[in-house]
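Below, all heavy atoms of this structure are taken into account, side chains as well, without hydrogens, waters or symmetry copies.
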Amino acid sequence: MQVKINNKNRSFNGTPFKRLIDVLREDFGLTGTKEGCSEGECGACTVLLDGKPVNSCLISICQVEGAAIETVESLGLPEKLHPLQESFLREGGAQCGICTPGMLMTAAAYLKAGGDPSPDAIREELAGNLCRCTGYQHIINSVAKALSENKK
Amino acid sequence: MPTVGHDRLRKEGPQKLTGTALYVDDIPVKGIWHGVTVRSSVAHAKIKGIRFLKGFPWRQAVVVTAKDIPGENCVHLIEDDQPLLADGITRHALEPVALIAHPDRATAYNALNFVEINYEPLPSVLDFEKSKKILKTFSIKKGDAKKAMKKAWKKVDTTFRVPHQEQAYIENNGMMAWFEPDGTLVLQGSLQCPYYIVKAMKPIFKLPEEKIRVIQAVTGGGFGGKEEYPNIISGHAALLAKKAKRPIKMIYDRHEDMSATTKRHPAVIKHKAGIDKKGRLVALDIDIVMDAGAYVTLSPVVLSRGILHASGPYECPNVNIHASIVQTNTPPNGAYRGFGAPQTLFAAELQWEKLADASKIDAVKLRERNLVKIGSELSTGQILKESVGLKKCVDTVLKRSRFTALRRDHDKWNKKKTSPTWRGVGFASVHHGSGFTGNGEVFLKSKASVTLTKSGRFVIETASSEIGQGSMSTLCQIVSDALGVPYEWVELEANDTSRVPDSGPTVASRTCMIVGGLLYRAAKQLKAAIEEKAKKIPTTPAVLKEVAKKLAGKKSVFRITTEYEKPADIEFDDTTYKGDAYGSYGYAAIAVDLEVDRTTYEIKLNKIWTAQDIGKAINPLIVEGQIIGGTTQALGWAVFEKPIYKNGVMQNAEFTNYIIPTALDTPPMDVVIIEEPYSRGPFGAKGVGEMPMDIPAPAVCAAIKQATGLFFPEIPVTPEMIAAGIARKG
């Protein structure tokens, strides 16, 4: 089975119904994607499937054959953050950090689509990603800042 | 350039933001097996036998029961009443009975389908209000509450009820265990209190402390839920590791974590209050009962903090409070942010609405006549000597929310027949003691160190766990300013008990104030030692390295360790509950604005204004994050989070039906930090972590009262409850 992960072609020969999250974490060592609830409620496992945010705990690897998957590892590195990560750092968008990779992937798709920077629109967009630490406000600010800098 | 008071970037931020931070389930360990827990399915029974059924390849697995425990079968905490594995009797449903490990995680879980436990049922108590098994009681008496209540101008009597609450950190509990060739037990996982685990493992494995090493992995939230529960998972993983002779990983799934691990203690509070004609609080008579669950865990200290906050941040000359905690056959409750205070403050605050009804004086005005100030005496007789910013908090919130005008506007809106909603705004104000209760800090004898390494690096050594609250940055900022060096020059030693001293648990809003205070003193002493060698603090790494070499001499580091010292003028009597319950208190006020849909009765939270006096914000952005995050958890408790129990088992132990606030449910918040410095806190800082949890729920209920005319002395207030209330009103 062929799948493009973070712009690299990868082949997978395991069981076709293995969950995408397990394939990413166990077979390809991409542990940036986190598991929070295993039932598509918390969004911690969010990755991009052909550019759209999905819960990788609800998808079997056979469903994404030939598709392009992007995980948090596709954004930046600690020493060279992606502008979205940079604004999360500056605006206090990450506390414990466990929801952060999923939150970033939802936000990355929104950023790419040139989403509406109003707080209400960002809240609507991020409603599928639970965070228990921040109360969301600093996350909203982080995304708004990244959107405004994107426009510059 | 000073860093205290500035938004320095999170030390660990870049790793968390790039997915390179390693949480326990991310750490690769060769040859590791996965452990799972066999749990009881009944609330109270004799265990007649455990059968491991045919159909599962048991030869590939390792199984542990109580008889495999080399030492004592107990989870050491306050009392040693909780077994690590149930032996012959189960006292609550979902109690651990046996453990299974297998090389494959899914297969390990599948093994649970091939275990059968035979029970002989025993009578069980599931409703704590009917329990007669009292585990602990406390009383506070001041003046003559009975006499004063009789003479009071207006008096009210209300019974308040608050439910369980799940911490709902997004990373479930998880732990790894292995034994080193020299017999050292190593545990690495998601946790708040590494030294609690060291102490808990000692009697189980009959090991000396130096043969037990606990390492914190990056931890995905705690909120109290990883204070004491990791003791249990550690014991389980270590038992499996011992028997399997290999590393073991135990990672709970969401359902197991929610249904089997600790929660906030439910409480019922019978609250009587009396005021005189001037609106002054003259009498309080309060009876508190909390539900411990099946074992003691931390219940006595939760109850203690509960009773000490029960009279609210108000002066009252006559107080009578009785508090008890009772046993039920339900999974034990434990630490959760606020630790007993949100329960009793819910009653203390919401009661003002009843007093307002009785006296026809506005609830906020009534509070304003009773707020504590410097010189006020609390229920324990403690006199507040400094750092009381309560009035500033109240004034700030009233002004910024235009509280009086907003309430008037809402009354007008609510009278209009055509309005699609009813609107309300509610107020509350609270205090929260920073640090351990009473003599807790004296018993803890916490230690913390600041070292200068030979290579010229400043390293902080504490067992304080970064769990998202920003302790890494906060502590580095305190130390860098105390030393007078750049923030970037200060780093933290890994939170590993083989490398850091016991600076106490990461709980009780104590890390910044208490541990930060120890580090501040250590840094000041280190600075003096450097200045003795170099006349002034070096400004370049090269010069620093020279000084470091001189100071360290033959050792690799120069280390200053400080230990907690009881301030001479702080006295608390644990037997009479008289005296200084806490060295300092934070203060907060809040206004919650919401509306209720007239057709669906859905509650929409519109806006929050809050002002919180925390002494000094070491890092304002981090502090604001604590306040907004804590407020959101409390809003969830007030209107969404409703654990439903049947036969002593939580029925909605999933995010699908245990609803925590999303970004859409959470209103924008206007946060003001008030700084009334505390002379003993580093740079004046007090605690911040828990107070935001104490205050929103009563303000929500007050707002719902304005909107609908319905008074709910219980939470969560759901649309169904409002519908029933409206139907009752006719």
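- The heavy-atom pair separating B:G338 from B:D694 by the smallest distance is CA-OD1, 3.9 Å.
- Neither the backbone nor the side chain of A:E125 has a heavy atom closer than 4.5 Å to any heavy atom of chain B.
- Contacts of B:A21 with chain A are made by backbone atoms alone, with heavy-atom separations under 4.5 Å and no side-chain atom involved.
- Annotation: maximal heavy-atom pairing with chain A below 4.5 Å, among B:P28, B:A663, B:G19, occurs at B:A663.
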Test salt bridge (Lys or Arg N to Asp or Glu O under 4.0 Å) on B:R337 and B:E690; report intermediate values, then the result. CA-CA 5 Å; B:R337 194 177 202 168; B:E690 295 172 286; over 6 Å; no

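- A cation-pi contact links B:K226 to B:Y169, judged by a cut-off of 6.0 Å to the six-membered ring centre and 45° from its axis.
- Contact count against chain A (heavy-atom pairs under 4.5 Å) is highest for B:P661 among B:G636, B:G13, B:P661.
- Among all heavy-atom pairs drawn from A:N55 and A:T46, the shortest one is OD1-OG1, 3.9 Å.
- Of the residues considered (A:G97, A:C99, A:C131), A:G97 shows the highest number of contacts with chain B, using heavy-atom pairs under 4.5 Å.
- Heavy atoms of B:D665 lying under 4.5 Å from chain A are absent altogether.
- Looking at B:P667, only its backbone comes within 4.5 Å of chain A, counting heavy atoms on both sides.
- Among B:L22, B:T632, B:L9, the residue with the largest count of heavy-atom pairs under 4.5 Å with chain A is B:L9.
- Two residues are said to be in side-chain contact when any heavy atoms from C-beta on lie closer than 4.5 Å; A:L130 and B:T662 meet this criterion.
- Contacts of B:I467 with chain A are made by backbone atoms alone, with heavy-atom separations under 4.5 Å and no side-chain atom involved.
- Residue B:T219 touches chain A through its backbone alone, counting heavy-atom pairs closer than 4.5 Å.
- Of the residues considered (B:Q15, B:Q167, B:M258), B:Q167 shows the highest number of contacts with chain A, using heavy-atom pairs under 4.5 Å.
- Only the side chain of A:L81 comes within contact range of chain B, judged by heavy atoms closer than 4.5 Å.
- For the options A:P78, A:G29, A:G43, heavy-atom pairs under 4.5 Å to chain B are most numerous at A:P78.
- No part of B:D7 comes within reach of chain A, as not one of its non-hydrogen atoms sits under 4.5 angstrom from that chain.
- Contacts between A:A94 and chain B at a heavy-atom distance below 4.5 Å involve backbone atoms as well as side-chain atoms.
- When each of A:G32, A:P101, A:G135, A:A44 is checked for heavy-atom pairs under 4.5 Å with chain B, A:G135 comes out on top.
- Taking chain B as the reference chain and counting heavy-atom pairs below 4.5 Å, the highest number among A:E73, A:H82, A:R25 is found for A:R25.
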| request: Please test B:T511 against B:T474 for side-chain contact (heavy atoms from CB on, under 4.5 Å), starting from the C-alpha separation and ending with a verdict. | output: CA-CA 9 Å; B:T511 299; B:T474 302; over 6 Å; no

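- A salt bridge between B:E171 and B:K16 is absent, with no side-chain N of the basic residue lying under 4.0 Å from a carboxylate O of the acidic one.
- The candidate with the highest count of non-hydrogen atom pairs below 4.5 Å against chain B, out of A:E35, A:M103, A:E91, is A:E91.
- Nearest heavy atom pair, residue B:P230 against residue B:N173, reads CG-OD1, 4.0 Å.
- Nearest heavy-atom pair across A:G92 and B:L621 is N-CD2, 3.5 Å.
- Heavy-atom distances place the side chain of A:T100, and not its backbone, under 4.5 Å from chain B.
- The nearest pair of heavy atoms linking B:Y658 to B:K642 is CE1-N, 4.0 Å.
- Using a 4.5 Å cut-off between heavy atoms, A:E39 contacts chain B through its side chain alone, with no backbone atom that close.
- Both the backbone and the side chain of A:R90 come within less than 4.5 Å of a heavy atom of chain B.
- In this structure, A:G76 and A:Q85 approach most closely via the heavy-atom pair N-OE1, 3.0 Å.
- Between B:Y229 and B:Y252, the angle of the ring planes goes over 60°, which puts this pair in the perpendicular group of the 30/60° scheme.
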Given A:E26 and B:R105, is the salt bridge (Lys or Arg N to Asp or Glu O under 4.0 Å) satisfied, shown in steps? CA-CA 12 Å; A:E26 294 169 11; B:R105 191 182 295 202; 5.4 Å; no

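- When heavy atoms are compared at a cutoff of 4.5 Å, A:L104 approaches chain B solely by way of its side chain, counted from C-beta outward.
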